[in-house]
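Right, one structure below, let's go through it.
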Amino acid sequence: MSLLIQNGEIITADERYTADIYCEGETITRIAKDLSAPPGTEIIDASGKFVFPGFIDPHVHLHLPYKDTFAKDTYETGTRAALMGGTTCVMDFCTPAPGQDPMEAFDIWTSMSMGKAACDYTWHLSVTRFDDRTEPSIHRIVADEGITSFKIFLAYKGALGISDEELYGVLGLAKRLGVITAAHCENADIVSSLQNKLISEGKTGPEWHYHSRPPYVEAEGTGRLMTFARAHDAHVYVVHLSCDEALREAMRAKHAGVHAHVETLIQYLTLDMSYAELAEFEGAKYVMSPPLRKRSNQDILWNAIRQRFISTVATDHAPFDFKDQKYEMGKNDFTNIPNGIPSLEERIKLLYTHGVIKGRIDIHTFVDCASTQAAKIFGLFPRKGTIQPGSDADMVVFDPEHEDTITADTHAMNIDYSAFEGWKVMGRPEVVTVRGEVAVQNGSFVGTYGRGRRIQREPNHF
Ligand code: URP
Ligand code: ZN
Ligand code: ZN
């Protein structure tokens, strides 16, 4: 199997040039002008188009249990939607339920994904309990299965959240194993106090979600993570950072020498808290944690991406239907609304339109924050995250002139609404390849379920 992408403008995190890309099997083998290819080679004309490295979403929930329900995408529907949006590698979270051994969760995630994914994937291992019983399984998963990032929740107390004692232990282990720890940073006790107060005052609608998780709740969690990281010289990754207050905590720590990386989400860059205030319970579509913030935070986040202080832009894709899940479960109490704003399919188009076209970030920063940094931080680089000989042939031929309107009527995600319904976007992943196989052609899915593989990684954060 060979593939030749001709005459595209190749754009990576630091280079821009026009050339042909030849791929043999799953790998890029040559990049030069006017390459010839043996008979039988599949040829794609990329004249007038950009060729980007396949985009990587480092924060996606494909299998996500919540109370008695599950997020709606599966490894089939989620990876198809990812590819339609130009994302060729997703990072999900293998998350043990309370009381479950991590190895059991690992087996569940394996059976959910194996033979089903259309694009490559890897997992963070959520450490939802840390003691003598779980530590051996955690070791095994890192050493034998190539899962080299942890995820911890400082929120969701009583469910997935861990105590400060556990946090101290997890970061110590992470340092010893050379893995990075991704953290959901919110103060769980303040959240539950505020939730109880609001509900007791009859403030039960989705518009109150924000008020149960104000910025200081996130700033406290971020600052606490940094304190504990410093104690072990551990490497940490703040997921879904949403606001100025939390950013300041991360910046302060980073300037003091903490090995901290920061992720924000496309939702925080494009939506604000007024969406969660929409009437007729429509606001529930926009409930996620941390909550959407005041619009004034957006310039601050864009600026931090431009300065490459924020490393990655992810989605925290967590798709719950509006009607049967968000509304039915949360209509009497916003604290029961399943959290999440699905956007796996739209991240790249939104980031290109609102970032590059609007002049907030340049095109190299766009590639960096949507692909290269995730690959570097999570041990996938240079196999993924760039275009060079030896890298996996994961690429996106992108038509920058294509205009589209986002709508749930046509999206590929398995979800009954779009948070961006009616929004105009520029640019479309026209051809997308997964290790040398064309998975999207003319913007339509032509990929193969089962083609996607779980990528094993090496520890890279000693
Ligand atoms: O609202 C969110 N973020 N839902 C998904 C779970 C998480 O906290 O990442
Ligand atoms: Zn989270
Ligand atoms: Zn998440």
Side-chain angles (χ1 to χ4, degrees), residues 57-67 69-73 78 82 90-98 109 121-128 149-162 167 181-188 191-192 195 206 208-210 212-213 217-218 220-222 224-225 236-243 246 261-269 271 273 275-276 283-293 312-322 325-326 329-330 334-344 347 374 378 413 415 419:
D57 191 334
H59 190 155
V60 172
H61 300 278
L62 288 182
H63 176 60
L64 179 63
Y66 175 79
K67 299 199 177 188
T69 192
F70 292 90
K72 293 299 293 287
D73 270 320
V90 294
M91 301 188 74
D92 190 3
F93 297 79
C94 169
T95 305
W109 257 257
Y121 57 97
T122 176
W123 305 325
H124 310 279
L125 174 63
S126 301
V127 181
T128 52
S149 42
F150 293 155
K151 166 72 181 293
I152 51 169
F153 296 91
L154 304 187
Y156 307 137
K157 208 167 194 168
L160 306 173
I162 56 170
L167 171 60
T181 303
H184 176 133
C185 299
E186 288 184 301
N187 184 302
V191 171
S192 53
Q195 284 179 336
W208 296 104
H209 176 70
Y210 171 90
S212 69
R213 311 176 101 101
V217 164
E218 188 183 345
E220 191 283 335
T222 309
R224 183 155 37 105
L225 176 74
V236 291
Y237 176 91
V238 179
V239 298
H240 51 43
L241 184 138
S242 69
C243 62
H261 302 269
V262 176
E263 165 195 283
T264 190
L265 305 181
I266 192 64
Q267 296 91 324
Y268 300 133
L269 294 167
L271 301 166
M273 64 187 285
Y275 286 87
K285 293 177 178 174
Y286 298 91
V287 166
M288 66 179 300
S289 299
L292 296 176
R293 301 297 189 189
T312 55
V313 176
T315 59
D316 194 2
H317 182 68
F320 292 96
D321 271 339
F322 173 59
Q325 294 180 305
K326 286 192 176 250
M329 294 170 75
F334 73 85
T335 68
N336 292 327
I337 299 170
N339 279 206
I341 304 180
S343 47
L344 179 53
R347 175 182 66 130
F378 295 113
M413 297 179 293
I415 183 83

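Since this is a predicted model, take the numbers as computed values, not measurements. Atoms within each ligand, like the ligands themselves, are counted from 1 in listed order. Numbers here are sequence positions counted from 1.
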Problem set entry | T181 (side chain) donor-acceptor with V236 (main chain) under 3.5 angstrom | no

Exercise. With a 4.0 Å cut-off on heavy atoms, does Y156 reach ligand 1?
Worked result: yes

Exercise. Is there a side-chain contact between K151 and T95 (heavy atoms, below 4.5 Å)?
Worked result: no

Problem set entry | No-hydrogen, no-angle side-chain donor-acceptor test under 3.5 Å, S289 and E186 | no

Problem set entry | Between T335 and Q195, a side-chain donor and acceptor under 3.5 Å | no

For this session: Could you grab the distance from atom OH of Y121 to atom CE of M91, nearest 0.5 Å is fine?
Result: 13.0 Å

For this session: Begin with the C-alpha distance, continue with both residues' side-chain angles, and end with the deciding distance and a verdict on ring pair (Phe, Tyr, Trp, His ring centres under 6.0 Å) for H124 and F378.
Result: CA-CA 9 Å; H124 310 279; F378 295 113; 4.9 Å; yes

Exercise. Hey, which atoms in ligand 1 end up nearer than 4.0 Å to a heavy atom of G340?
Worked result: 1 (O)

Exercise. Checking only N/O/S atoms, does H240 have one that is under 2.8 Å from the Zn ion (ligand 3)?
Worked result: no

Exercise. Can you list the ligand 1 atoms lying under 4.0 Å from a non-hydrogen atom of N339?
Worked result: 1 (O), 2 (C), 4 (N)

For this session: State the atom name: nearest N, O or S atom of H184 to the Zn ion (ligand 2).
Result: ND1

Seminar exercise, completed: the protein heavy atom lying closest to atom 1 (O) of ligand 1 turns out to be S289 N, 2.8 Å

Seminar exercise, completed: Going by the 4.0 angstrom heavy-atom rule, the piece of D316 near ligand 1 is side chain

Seminar exercise, completed: So the atoms of ligand 1 within less than 4.0 Å of a heavy atom of M288 turn out to be 1 (O)

Exercise. Ligand 1 versus H184, non-hydrogen atoms closer than 4.0 Å: side chain, backbone, both, neither?
Worked result: side chain

Exercise. In H59, which N, O or S atom comes closest to the Zn ion (ligand 3)?
Worked result: NE2

Problem set entry | Plane angle bin for Y156 and F153 - parallel if under 30°, tilted between 30 and 60°, otherwise perpendicular | tilted

For this session: Go through the side-chain N and O atoms of D57 and H317 and say whether any donor and acceptor fall under 3.5 Å apart.
Result: no

Exercise. For D316, what is the atom name of its N, O or S atom nearest to the Zn ion (ligand 3)?
Worked result: OD1

